[in-house]
2 protein chains.
Amino acid sequence: MTPSPSPGSADLDFTLDRSSPVPLYYQLAQQLESAIEHGSLPPGSLLGNEIDLANRLGLSRPTVRQGIQSLVDKGLLVRRRGIGTQVVHSQVKRPLELSSLYDDLETAGQNPSTRVLRNEIQPASAEVAAALGISEGAEVNVVERLRLTHGQPMAQLRNHVPAGLLDLDTGRLESTGLYRMMRSAGVTLHSANQSIGAREATAEEAELLEEPEGAALLTMRRTAYDDTGRAVEYGSHVYRASRYTFQFQLLVRG
Amino acid sequence: MTPSPSPGSADLDFTLDRSSPVPLYYQLAQQLESAIEHGSLPPGSLLGNEIDLANRLGLSRPTVRQGIQSLVDKGLLVRRRGIGTQVVHSQVKRPLELSSLYDDLETAGQNPSTRVLRNEIQPASAEVAAALGISEGAEVNVVERLRLTHGQPMAQLRNHVPAGLLDLDTGRLESTGLYRMMRSAGVTLHSANQSIGAREATAEEAELLEEPEGAALLTMRRTAYDDTGRAVEYGSHVYRASRYTFQFQLLVRG
DNA sequence: CCCCGCTGTTTGTCAGGACAAATCTTTGAC
DNA sequence: GTCAAAGATTTGTCCTGACAAACAGCGGGG
């Protein structure tokens, strides 16, 4: 028998800083996560039981459990009673965040840029009012942008924001993403309803996106809410299907 | 001043069964959730502080916190230090599960039915082998189905399952969904990578789905993994964009 | 040789307590 | 009247301790 590559409980050294303002369980979770990413904790390996781990780190078991639990919720670890906690064996990358297209493209090295086609205050149409939960005719900031990657058109983005919520400077809209501007304005996003579909390009869309007329386009409509339940943005976007797909990962909630 | 509709801390009566095998924190979470659904806890209302709640229920504070935390993770509640825990004000329905199309349609009252077009064992193509993480040419079960709602074609579903993992009886495939068959066969789904795009219908697809040739179609590719990290299914599906959109909700992980 | 039950291991659940940090409210000073 | 400081309230973090439940592996009986 060769020495079996069975999941041995790896013992790594973690450094915890009790004087740091960042919680201990979170420090543990971060170091575990980076150990998993760097391969120090290969897929399938066991973590060693929680009580030993707590003793070795000088922590209590609930604190260790809290740190581990956060990674279980992320889908990186799996717990089994009587067995232990082991690193999940599949490739887990992004658990589908409420991310902005701009950030997604930037992290993918796609070199995104933006051209603002429209940026004005208008009374809300019936569709926009219903999506934002405001009265028809109330003032909303309408922004229409063309998103490009490597100089090629990628998507037409049309956003509606309740007037007064945000200062939508055209210059900043061209240099960064809308969600970044929201967060720096103190708006904390909480949830969003999304709807993804497809349809054929109209003549105007075809010209703007440099696609043949009637080409298949991906559509996405999204209403985003902050943590008080207030609708802060309604977006109606169109993507070139030949150059973009939505990619994400789902987790089964146990 | 009229009596302000400010969020008063509602005091409800919960019944906990300590002899039940279902955990106390979970009993609390379920009753809180149903109270929110039924409107006993209206959006914006406060829950009352955890210590009082624990005393009233005869529970410890960690147990109460665990129950509340599970609803926070679901997006139903929001905690604020110094303020309290309150019911989130937006409409939260489904936090995007890894659900099967069949179940989705059935719960939506769409009366789904299935016609199996193909069900056979074949050697894996390069694409399928890469998606499932198996060697090219290994045997896979290929299932091709037409999904209908109210007798109308809705989607063409093509699934690939490693041979031997599951007994794919054609009769059961027509009367239920693939994911239900997997679960009843002891396969516990853990995560999946999805990719949603669009393209124009080929002549064959157009005829099968009763769409004009070149019509916009929604495409979805998904690889599903069980909790050991093993790929258990690769699906490549095509939906009629005129009759179907992907709808789901996202939560921002704090 | 196979099946059953026993035992050790590990996570799941629950209790009770303590202090820190963030927030709102009230009070006081100017 | 306005602003700042002090206090009260509530959640966030962390500790110790205990028992229950599920699982793997071992050994005995058939």
Side-chain angles (χ1 to χ4, degrees), chain A residues 4 6-11 16-30 32 44-73 77-88 186 188 227-228 254, chain B residues 4 6-11 14 16-30 32 45-73 77-88 186 188 227-228 254:
Chain A
S4 90
S6 74
S9 62
D11 58 333
L16 297 173
D17 179 9
R18 295 194 95 93
S19 68
S20 162
V22 41
L24 294 174
Y25 77 89
Y26 196 76
Q27 293 183 37
L28 173 61
Q30 280 185 320
L32 276 173
S45 61
L46 290 171
L47 238 61
N49 77 62
E50 299 168 348
I51 303 187
D52 280 356
L53 195 57
N55 289 337
R56 272 190 295 154
L57 297 175
L59 295 174
S60 70
R61 190 178 161 218
T63 301
V64 172
R65 273 184 71 78
Q66 195 175 359
I68 292 177
Q69 187 61 44
S70 67
L71 296 188
V72 172
D73 292 339
L77 297 177
V78 174
R79 318 177 94 140
R80 290 169 190 274
R81 212 185 293 206
I83 311 288
T85 304
Q86 63 185 139
V87 181
V88 88
T188 60
D227 53 6
T228 69
Chain B
S4 88
S6 73
S9 64
D11 57 334
F14 298 109
L16 299 173
D17 179 9
R18 296 193 93 94
S19 67
S20 162
V22 41
L24 293 174
Y25 78 89
Y26 196 76
Q27 292 183 36
L28 173 60
Q30 279 185 320
L32 276 174
S45 62
L46 290 169
L47 238 60
N49 76 62
E50 299 168 347
I51 304 190
D52 280 357
L53 195 57
N55 289 337
R56 273 190 295 152
L57 296 175
L59 296 175
S60 69
R61 190 180 162 216
T63 302
V64 171
R65 273 183 72 79
Q66 193 175 1
I68 291 177
Q69 187 61 44
S70 67
L71 296 188
V72 172
D73 293 339
L77 297 177
V78 174
R79 317 177 94 141
R80 290 170 189 274
R81 212 185 292 207
I83 311 287
T85 304
Q86 63 185 141
V87 181
V88 87
T188 61
D227 52 6
T228 69

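All values below come from the heavy atoms of this structure, side chains included, with hydrogens, waters and symmetry mates left out. Within every chain, numbering begins at 1; the chains are lettered A, B, ... in the order of the sequence lines, protein sequences first and strands thereafter. None of these values were measured; they are calculated from a predicted model.
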Kindly give the atom pairs (protein nitrogen or oxygen, nucleotide nitrogen or oxygen) under 3.5 Å for nucleotides 8-10 of chain D.
unit_1  : atom_1 : unit_2 : atom_2 : d
dT10(D) : OP2    : N49(B) : ND2    : 3.2
dT10(D) : O2     : G82(B) : N      : 3.2

In Å and rounded to the nearest 0.5 Å, what is the [atom1] to [atom2] distance from [X] to [Y]?
X      : Y      : atom1 : atom2 : value
T63(B) : L53(B) : OG1   : CG    : 11.5 Å
S45(B) : Q86(B) : OG    : CD    : 8.0 Å
L59(A) : Q66(A) : CG    : CD    : 11.0 Å
S60(B) : I51(B) : OG    : CD1   : 11.5 Å
L28(B) : I68(B) : CG    : CD1   : 6.5 Å
S70(A) : L32(A) : OG    : CG    : 8.5 Å

[atom1] of [X] versus [atom2] of [N]: gap in Å, rounded?
X      : N       : atom1 : atom2 : value
R79(B) : dT13(D) : CZ    : C1'   : 12 Å
Q86(B) : dT23(C) : CD    : C1'   : 13 Å
I51(A) : dG17(D) : CD1   : C1'   : 11 Å
Q27(A) : dT13(D) : CD    : C1'   : 12 Å
L16(A) : dC14(D) : CG    : C1'   : 13 Å
L47(A) : dT9(C)  : CG    : P     : 19 Å
I68(B) : dT11(D) : CD1   : C1'   : 10 Å

Open item on the list: For residues 57-69 of chain A, which residue pairs pass the salt bridge (Lys or Arg N to Asp or Glu O under 4.0 Å) check, not counting sequence neighbours?
Closed with: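 Listed by first then second residue: E50(A)-R61(A), E50(A)-R65(A).
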TODO: Give the minimum heavy-atom separation between R18(B) and L24(B), together with the two atoms involved.
DONE: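 Closest heavy-atom pair between R18(B) and L24(B): NH2-CD1, 3.6 Å.
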Task: Closest heavy-atom pair and its distance - L77(B), V87(B) - done: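 Looks like CD2-CA, 3.8 Å.
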For nucleotides 14-17 of chain C, give me every protein contact, N/O to N/O, under 3.5 Å, one pair per line with atom names.
unit_1  : atom_1 : unit_2 : atom_2 : d
dC14(C) : OP1    : L24(B) : N      : 2.4
dC14(C) : OP2    : L24(B) : N      : 3.4
dC14(C) : OP2    : Y25(B) : N      : 3.3
dA15(C) : OP1    : R18(B) : NH2    : 2.6
dA15(C) : OP2    : S60(B) : N      : 2.9
dA15(C) : OP2    : S60(B) : OG     : 2.9
dA15(C) : OP2    : T63(B) : OG1    : 2.6

Between N or O atoms, less than 3.5 Å apart, protein on one side and nucleotides 3-5 of chain D on the other: list the pairs.
none

Open item on the list: If the condition is side chain to side chain donor-acceptor pair (under 3.5 Å), which residues does Q69(A) pass it with, not counting sequence neighbours?
Closed with: D73(A), R79(A)
Open item on the list: I want to check one thing: is the phosphate of dT11(C), taken as OP1 and OP2, less than 4.0 Å away from some side-chain N or O of R65(A)?
Closed with: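 No, because none of the side-chain N or O atoms of R65(A) sits under 4.0 Å from OP1 or OP2 of dT11(C).
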- [ ] Name all residues meeting the salt bridge (Lys or Arg N to Asp or Glu O under 4.0 Å) criterion together with R81(B); count only those two or more places apart in sequence or in a different chain, and write none if there are none.
- [x]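 For R81(B) there are no salt bridge (Lys or Arg N to Asp or Glu O under 4.0 Å) partners, ignoring immediate neighbours.
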